[in-house]
Amino acid sequence: QVRLVESGGGLVQAGGSLRLSCVASGRTFSSSVMGWFRQAPGKEREFVGTISRLGDSTKYADSVQGRFTISRDNAKNTVYLQMNSLKPEDTAVYYCAARLSTVLNVAPQFYDYWGQGTQVTVSS
């Protein structure tokens, strides 16, 4: 069992930055591919980015490529999402997720554990 707790969301003006954190409990964090997803009101949950178990490989959605960066610290059981140059269309609830696999994946149905989410609101 893995419990994920996100933090770091909030209200920011367009062009600003936020860093989200996700702390995992349990002994499987370093064995898990981690992902970030987001869901805006009335929309489906969408892929943001994912990072390999060792942090040496990442993949991003086109909409955030070059603005968002995923990193992880396995010693702290924590994955981060650094968000720069934020836009109003980035407004959503952001979720971290864990996948008990070695393979990166962009589809939410392939992730095994989810956090409760943290709200990010970008004002224009």
Side-chain angles (χ1 to χ4, degrees):
Q1 189 75 12
V2 176
R3 181 168 179 258
L4 304 173
V5 179
E6 303 98 333
S7 63
L11 173 63
V12 63
Q13 288 187 333
S17 298
L18 282 175
R19 188 176 82 154
L20 306 183
S21 300
C22 173
V23 179
S25 64
R27 294 178 290 178
T28 59
F29 179 78
S30 60
S31 302
S32 301
V33 164
M34 298 300 295
W36 284 97
F37 294 81
R38 66 187 182 186
Q39 188 166 18
K43 295 188 177 181
E44 293 187 352
R45 190 167 299 190
E46 67 171 356
F47 168 74
V48 174
T50 183
I51 187 167
S52 61
R53 296 183 302 171
L54 296 180
D56 54 352
S57 180
T58 56
K59 183 177 178 63
Y60 298 94
D62 290 344
S63 58
V64 306
Q65 181 76 49
R67 300 188 298 123
F68 290 11
T69 303
I70 294 177
S71 61
R72 66 190 294 166
D73 185 338
N74 287 346
K76 296 182 178 180
N77 278 15
T78 303
V79 62
Y80 304 97
L81 182 66
Q82 177 66 44
M83 305 185 294
N84 298 329
S85 302
L86 283 161
K87 305 175 181 180
E89 51 264 43
D90 295 318
T91 295
V93 177
Y94 283 71
Y95 299 90
C96 73
R99 171 171 158 79
L100 298 177
S101 171
T102 61
V103 180
L104 302 184
N105 200 294
V106 305
Q109 61 265 35
F110 292 107
Y111 284 76
D112 303 291
Y113 300 98
W114 292 83
Q116 83 290 347
T118 185
Q119 176 71 46
V120 171
T121 303
V122 184
S123 63
S124 58

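Here the structure is a predicted model, which is why all the values come from computation and not from measurement.
The side-chain hydrogen bond (donor to acceptor under 3.5 Å, both in side chains) test applied to S52 returns D56, not counting sequence neighbours. The side-chain hydrogen bond (donor to acceptor under 3.5 Å, both in side chains) search around N74 returns R72, not counting sequence neighbours.
Across every non-hydrogen atom of N84 and S17, the tightest pair is OD1-OG, 2.9 Å. Residues R99 and V103 approach most closely at NE-O, 2.8 Å, considering heavy atoms. Contact record, T78 with S21: CG2-CB, 4.3 Å, taken as the closest heavy-atom pair.
Taking Ile, Leu, Val, Met, Phe, Trp and Tyr as hydrophobic and joining them when side-chain heavy atoms fall under 4.5 Å apart, one finds M83 in a cluster with V2, L4, V12, L18, L20, F29, M34, W36, V48, I51, Y60, V64, F68, I70, V79, L81, L86, Y94, L100, Y113, V120, V122. Clustering of Ile, Leu, Val, Met, Phe, Trp and Tyr side chains at separations under 4.5 Å leaves V5 isolated, with no partner residue. Residue W114 is found in a hydrophobic cluster whose other members, listed by chain and number, are V33, F37, F47, V93, Y95, L104, V106, Y111; membership requires side-chain heavy atoms under 4.5 Å apart, directly or through intermediates.
Between the side chain of E6 and the main chain of Q116, a donor-acceptor pair closer than 3.5 Å is present. A donor-acceptor pair under 3.5 Å is formed between the side chain of N77 and the backbone N or O of A24.
Note that OG of S30 and CG of D73 are 11.5 Å apart. Values are rounded to the nearest 0.5 Å. Distance check: Q65 CD to T58 OG1 gives 7.5 Å after rounding to the nearest 0.5 Å. Interatomic distance, NZ of K87 versus OG of S124, reported as 14.0 Å (0.5 Å rounding). Atoms OG and CG, on S101 and D112 in that order, are 8.5 Å from each other to the nearest 0.5 Å.
Legend: salt bridge (charged side-chain N to carboxylate O under 4.0 Å, His left out) pairs involving residues 28-42, not counting sequence neighbours, sorted by first then second residue: R38-E46, R38-D90.
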